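Structure first, then comments.
Letters A, B, ... are given to chains in the order of the sequence lines, protein chains preceding strands, and every chain is numbered from 1. We use all heavy atoms of the structure for the numbers below, so side chains are in, but hydrogens, waters and symmetry mates are not. No experiment lies behind these values; they were computed from the predicted model shown.
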Amino acid sequence: MAAPEAELVLKWEREQARLRESVKEEDTEDWQRSPDFSGLKRVGGVDLSFIKGDDINACAHLVVLTYPHMKVLYEDCKMVTLNAPYVAGFLGFREAPPLLQALEKLKNVQPNLMPQVLFVDGNGLFHYREFGLACHLGVLSDLPCVGVAKNLLHVEGVVRSEEHQSQINALQKSGDSFPLATTSGRVLGKALRSSHSSIKPVYVSVGHRITLDTAVRLTHTCCLYRVPEPIRQTAACDRQPAKDMDLTDPHSTAHRGRKRRLSTEHRNPSRWLFFPAPPQ
DNA sequence: GCGACAG
DNA sequence: ATCTTGTCGC
């Protein structure tokens, strides 16, 4: 946990400022304008998973699901060695490279399965310099991206205060949200109650080529549980059982998530709004 | 000045 | 990020 090199941080800040100019905060796709997202067929999710005492080796995951049914179309996980340390505010420099490689591989083996939008585990514009991991991946891949963080990053005045907690308490039902505004008034993201069964919100922000309202609406429709399915399925690396305890094997039990189970009993009720199924 | 701070 | 164990409820 050595202090990050000041010189490196300065270089990273310049790079973020440069790439920030390419972020598109508008809905660039037709399906984004549609009330029910008709035309949207594939949603992707990316994430990195680690093992207890090792923070330089990780498993890079990429999954592509059907929309709106959230069935797995493609999944890939690969062991990678990271070159940058974790420094809050600079996640992109650590995680973007291997995730971009996974997208590149998909483009080569199954270009027809390229997702139309990518869910990223982390923030987008809701960031110190308005350039979180979701923006980083968005700009470098030019794919529409949505940032979804499970924990609150302390950005310009937005902190875990009593005020913030009371706003969370006011989120009555799945789909409710409140804006995350800077001291200067700019709304950088929204806290969304993504499912009926979880009180803890998820923090949604624009990554690239999408509007904040569209990002929040889309995130809500992709949630069966608190975490959007594309990101959640990323942890389900439950395929062939590992032969030995080989940590370089992405299929090792150390990287294996829980099994998939999509029994209707556990689904998010408000999600039925988008299906020809029973209400509440 | 010190601490807080996505994954 | 990751570890940790059971428990209560639909």
Per-residue pairing states of DNA chain B in dot-bracket (Watson-Crick or G-U under 3.5 Å; . unpaired, | other strand) read .......
From CG of A/D121 across to C1' of B/dG7 the rounded distance in Å is 7 Å
By side chain to side chain donor-acceptor pair (under 3.5 Å), A/T211 pairs with (sequence neighbours left out) none
DNA chain C in dot-bracket form (Watson-Crick or G-U pairs under 3.5 Å, [ ] crossing, | inter-strand) is ..........
Between A/D213 and A/K190, is a salt bridge (Lys or Arg N to Asp or Glu O under 4.0 Å) present by the stated rule, with each step listed? CA-CA 9 Å; A/D213 287 333; A/K190 285 192 173 183; 3.1 Å; yes
Under 4.5 Å between any side-chain heavy atoms of A/N112 and A/Y74, yes or no?
no
Sequence neighbours excluded, the answer for side chain to side chain donor-acceptor pair (under 3.5 Å) partners of A/D30 is none
| request: Would you please test A/S194 and A/Y225 for side-chain hydrogen bond (donor to acceptor under 3.5 Å, both in side chains) and show each step? | output: CA-CA 7 Å; A/S194 53; A/Y225 307 98; over 6 Å; no
Reckon A/G53 touches a base, only the sugar-phosphate, or nothing at all at heavy-atom distances under 4.0 Å? nothing
To the nearest angstrom, the CD-P distance between A/E95 and C/dT2 comes to 10 Å
Return a table of donor-acceptor pairs under 3.5 angstrom between the side chains of residues 180-189 of chain A and protein atoms on other chains or two or more places apart.
unit_1 : atom_1 : unit_2 : atom_2 : d
A/T182 : OG1    : A/R186 : O      : 3.2
A/T183 : OG1    : A/E156 : O      : 3.3
A/R186 : NE     : A/E130 : OE1    : 3.4
A/R186 : NE     : A/E130 : OE2    : 3.0
A/R186 : NH2    : A/E25  : OE1    : 3.3
A/R186 : NH2    : A/E130 : OE1    : 3.3

Ranking B/dA6, B/dG7, C/dC3 by distance to the side chain of A/H127, first place goes to B/dA6
Sequence neighbours excluded, the answer for side chain to side chain donor-acceptor pair (under 3.5 Å) partners of A/K41 is none
Sorted by number, residues from residues 177-185 of chain A placing a heavy atom under 4.0 Å from DNA chain B are none
Taken to the nearest whole Å, CG/A/N57 to C1'/C/dA1 is 14 Å
Residue set satisfying side-chain contact (heavy atoms from CB on, under 4.5 Å) with A/Q172, at least two apart, ordered chain then number -> A/D176
Separation of B/dA6 atom P from A/E156 atom CD, nearest Å, is 16 Å
Rounded to whole Å, the CZ-P distance (A/F126 to B/dG7) equals 12 Å
With a sphere of 6.0 Å drawn around CD of A/Q165, does it hold more than 12 non-hydrogen atoms of other residues, nucleotides or ligands? yes
What donor-acceptor contacts under 3.5 angstrom involve side-chain atoms of residues 92-104 of chain A, with partners at least two apart or in another chain?
unit_1 : atom_1 : unit_2 : atom_2 : d
A/R94  : NH1    : A/D55  : O      : 3.3
A/R94  : NH1    : A/A84  : O      : 2.8
A/R94  : NH2    : A/D55  : O      : 2.7

Give a yes-or-no answer on whether the side chains of A/H61 and A/D76 include a donor-acceptor pair shorter than 3.5 Å. no
Determine, answering yes or no, if A/Y86 is stacked on B/dG7 under the 5.5 Å centre rule and the 30° plane rule.
yes
Atom CG of A/D54 and atom P of C/dC3 are separated, to the nearest Å, by 12 Å
Numerically ordered, the residues 142-154 of chain A set in heavy-atom contact under 4.0 Å with DNA chain B is A/A149, A/K150, A/N151, A/L152, A/L153, A/H154
request  = Pick base, sugar-phosphate or nothing for A/D47, based on heavy-atom distances below 4.0 Å to the nucleic acid.
outcome  = sugar-phosphate
| Across the strands shown, which category fits A/F90 at heavy-atom distances under 4.0 angstrom: base, sugar-phosphate, nothing? | base
Among C/dA1, B/dA6, C/dC3, the one nearest any side-chain atom of A/L91 is B/dA6
Applied to residues 166-187 of chain A, the ring pair (Phe, Tyr, Trp, His ring centres under 6.0 Å) test, sequence neighbours excluded, yields A/H164-A/F178
Whole-Å distance, A/H61 NE2 to C/dT2 C1', equals 13 Å
Whole-Å distance, A/L99 CG to B/dA6 C1', equals 14 Å
- Query: Can you check whether A/V148 reaches A/I231 side chain to side chain, under 4.5 Å on heavy atoms?
  - Reply: yes
Sorted by chain and residue number, the side chain to side chain donor-acceptor pair (under 3.5 Å) partners of A/E15 (sequence neighbours excluded) come out as A/R18
